[in-house]
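Every chain is numbered from 1, with letters handed out A, B, ... down the list of sequences.
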Number of protein chains: 2
Amino acid sequence: MSDSSAVLPGYPDPLWIQAVALVRGEIERGVLKPGMRLAPERELCQQLGISRVTLRRALGHLVEEGVLSASRGRGWYVSQTAQPKKEWPNTLESFTETAARMGLTPHSRVLQNRIDPATIDQAERLGIAPGTPLFSLERVRLLNDVPIGLDLTRLPLGLVPELGELDFTERSLYATLAEAGVEPVRADSTIEATKADDRTARHLEVAPGEPLLVMHQLALDADQEPLFMSSIRYAGERYRLRTSFSRAPQ
Amino acid sequence: MSDSSAVLPGYPDPLWIQAVALVRGEIERGVLKPGMRLAPERELCQQLGISRVTLRRALGHLVEEGVLSASRGRGWYVSQTAQPKKEWPNTLESFTETAARMGLTPHSRVLQNRIDPATIDQAERLGIAPGTPLFSLERVRLLNDVPIGLDLTRLPLGLVPELGELDFTERSLYATLAEAGVEPVRADSTIEATKADDRTARHLEVAPGEPLLVMHQLALDADQEPLFMSSIRYAGERYRLRTSFSRAPQ
DNA sequence: AAGTGGTCTAGACCACCCC
DNA sequence: GGGTGGTCTAGACCACTTA
């Protein structure tokens, strides 16, 4: 289960990740049921042959996933909601991945595929110089041949020079970027509702004035550097976003 | 800056939180500028008089906030985007808190304030028995007297029995719950766009058929137990949601 | 080869919960 | 008072980067 880094070249899985997988496995196999108390930390350490610091890193990770919770002076408990949950909200998924998860077939109609110099606004958002060649890809995204959203993504051509020559009707942009080593880890997003203008309505096959869910995203890499920006206009009645807000400490 | 837990009764701030505040302070004061390298960990430990484990917990926290990033064998660097960012997306904020952050004055028109037995659907979502007394509060939320959203929140009356007798025109529901020890830490949310029905349109003072941003939330406590559910319908042109999606490992 | 982050350990003290 | 989680320390080894 979950060999998160085993694929990558360099490193073996850290001990604490193995501990995470082990506990998660026991929950999924039903050895640990919702509401049950875990063995005390010091005991688990012995069983797993790891130190308490390492164990606690694993437990902390499982808290973030919503699988465990701790109670001072009492012990660790399996969450009630932990059982059926295999899906995890608030993850950055590509349209292709979302489709796959729902068992639907994605494809695209490419409306634009061009290279322009970046405007001042675009350059500022992406942290590049104005005039830098910018690749723009506009697609109608469909699931099982039903238009779901209109996606306009822009990124510096320098990141993946061969982008301009590819056909994105079937290809996943995320997968293409990943192959070139461009790996977003976060996307800061704003979401609003608006009315469909004529052009968008035509491409999404809805009436003008119908509600749209508009999401603007800026994707960042592990160093918080901007990678690309995109805006997606979803047909209101055909798409539902899921996310999870967490309470900041205090 | 940021005395996160000093308000609460029990504990003093952990050391690593103080270290977080200290580093963040240096960045905000401009002592550390975007792109700059921090002193090596072992050196910082000496300066701050804390152990490396503790320091690293603080640095890890700042990575999550997008303020720092680490580079193996090279050092810690201040993110380029760290400078102007004081706001942090993806936090669960009450309407009152959001208003305060934006410097606006919130208030409410209470449309309903009642107690009913929970339906089967409601009971299932909240993890309680059907028929349990359920407190329902429906409010038009206004900022500077402009209607922004229509909020319908329901929670088991047992959590805070005196809820039925309070006036929520000026009062914050979140603050009231917090006083009673009800502290949500997460809210799983779905977001969609739809058209305003007649009743909603009237209360939000928009035309029927105008776009709405509809958010359904289930708030959970630290043990992942459901606390309350709410649905908020925002006037499309008057509200913009912010969130941040993160890429799941692998 | 030296510097740096990434991981891990063993042991300690505290505050809380429950008997 | 005994059990439990929450925090902290000092020291160690490894892998990567830079020169």
Side-chain angles (χ1 to χ4, degrees), chain A residues 4-6 8-23 35-64 67-79 181 185 222-224 249-250, chain B residues 4-6 8-23 32 35-64 67-79 181 183 185 221-224 249:
Chain A
S4 43
S5 75
L8 298 175
Y11 322 74
D13 265 8
L15 274 184
W16 68 268
I17 291 212
Q18 301 177 29
V20 164
L22 212 146
V23 174
M36 277 180 66
R37 210 195 76 169
L38 273 67
E41 292 182 1
R42 287 146 177 98
E43 203 169 300
L44 285 174
C45 291
Q46 281 199 310
Q47 291 177 22
L48 305 184
I50 61 179
S51 78
R52 205 168 145 228
V53 180
T54 306
L55 173 67
R56 282 179 59 76
R57 207 198 296 202
L59 296 177
H61 188 83
L62 289 166
V63 168
E64 299 253 300
V67 172
L68 291 183
S69 64
S71 181
R72 272 216 193 194
R74 294 224 309 268
W76 288 91
Y77 293 84
V78 181
S79 303
V185 299
D223 294 340
Q224 316 297 328
Q250 167 181 180
Chain B
S4 44
S5 74
L8 299 176
Y11 322 73
D13 266 8
L15 273 184
W16 66 267
I17 291 210
Q18 300 176 31
V20 164
L22 213 144
V23 174
L32 290 171
M36 278 180 65
R37 210 194 76 170
L38 273 67
E41 294 183 357
R42 288 145 177 98
E43 203 169 301
L44 285 173
C45 291
Q46 281 199 310
Q47 291 177 23
L48 304 183
I50 62 179
S51 78
R52 206 168 145 229
V53 179
T54 306
L55 173 68
R56 282 180 58 77
R57 206 196 299 201
L59 296 177
H61 188 84
L62 289 166
V63 168
E64 299 254 299
V67 173
L68 292 182
S69 63
S71 182
R72 272 218 194 193
R74 296 225 307 268
W76 289 90
Y77 293 83
V78 180
S79 303
E183 305 241 17
V185 299
D221 67 10
D223 296 340
Q224 315 297 330

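Rounding to whole angstrom units, CG of residue L48(B) and C1' of dT9(D) are separated by 15 Å. dT9(C) atom P lies 14 Å from atom CG of L44(A), rounded to whole Å. Between the CG atom of L68(B) and the P atom of dG6(C) there is a distance of 11 Å, rounded to whole Å. One can place CD of E41(B) at 12 Å from C1' of dG3(C), the figure rounded to the nearest angstrom. We find that CD of Q46(A) is positioned 13 Å from C1' of dA10(C), with the value rounded to whole Å. W16(A) places its CH2 atom 9 Å from the P atom of dC8(C), with the value rounded to the nearest Å. Note: CG (L38(A)) to C1' (dT4(D)) measures 13 Å, nearest angstrom. As rounded to whole Å, 13 Å separates atom P of dT4(C) from atom CZ of R74(B).
In terms of phosphate contacts, W76(A) brings no side-chain nitrogen or oxygen within less than 4.0 Å of OP1 or OP2 of dT4(D). OP1 or OP2 of dT9(C) has at least one side-chain nitrogen or oxygen of T54(A) nearer than 4.0 Å.
No N or O donor and acceptor, one from the side chain of R42(B) and one from the base of dG11(D), sit under 3.5 Å apart. R72(B) contributes no side-chain N or O that forms a donor-acceptor pair with the base of dG3(C) under 3.5 Å.
In this structure, of dT9(D), dG6(C), dT4(D), it is dT9(D) that holds the atom nearest to the side chain of I50(B). Checked against dC8(D), dG6(D), dA10(C), the side chain of S51(A) finds its nearest nucleotide in dA10(C). For P40(B), counting side-chain heavy atoms from C-beta on, the closest listed nucleotide (dT4(D), dG5(C), dC8(C)) is dG5(C). Side chain of V53(B), nearest nucleotide from dC8(D), dC8(C), dT4(D): dC8(C). Picking from dT4(C), dT7(D), dG6(C) the nucleotide with the shortest atom distance to the side chain of R37(B) gives dT4(C).
Toward the 5' end of DNA chain C, the nearer of the two residues G49(A) and R52(A), judged by each one's closest nucleotide, is G49(A).
Looking at heavy atoms from C-beta onward, L59(A) lies in side-chain contact with E41(A) at the 4.5 angstrom threshold.
Among the atoms of the strands shown, only primed sugar atoms or phosphate atoms (P, OP1, OP2) are found under 4.0 Å from some heavy atom of R57(B). Across all strands, G60(B) comes closer than 4.0 Å to no nucleic acid atom at all (heavy-atom distances).
With hydrogens and angles ignored, the 3.5 Å screen pairs no side-chain donor or acceptor of T54(B) with any backbone N or O of W16(B). Using a distance-only test at 3.5 Å, with no hydrogens or angles considered, no donor-acceptor pair links the side chain of R57(A) to the main chain of L15(A). In this structure, the side chain of R74(B) does not engage the main chain of R37(B) through any donor-acceptor pair within 3.5 Å.
Annotation for Q47(B): atom CD counts as buried by contact number, over 12 foreign heavy atoms lying within 6.0 Å.
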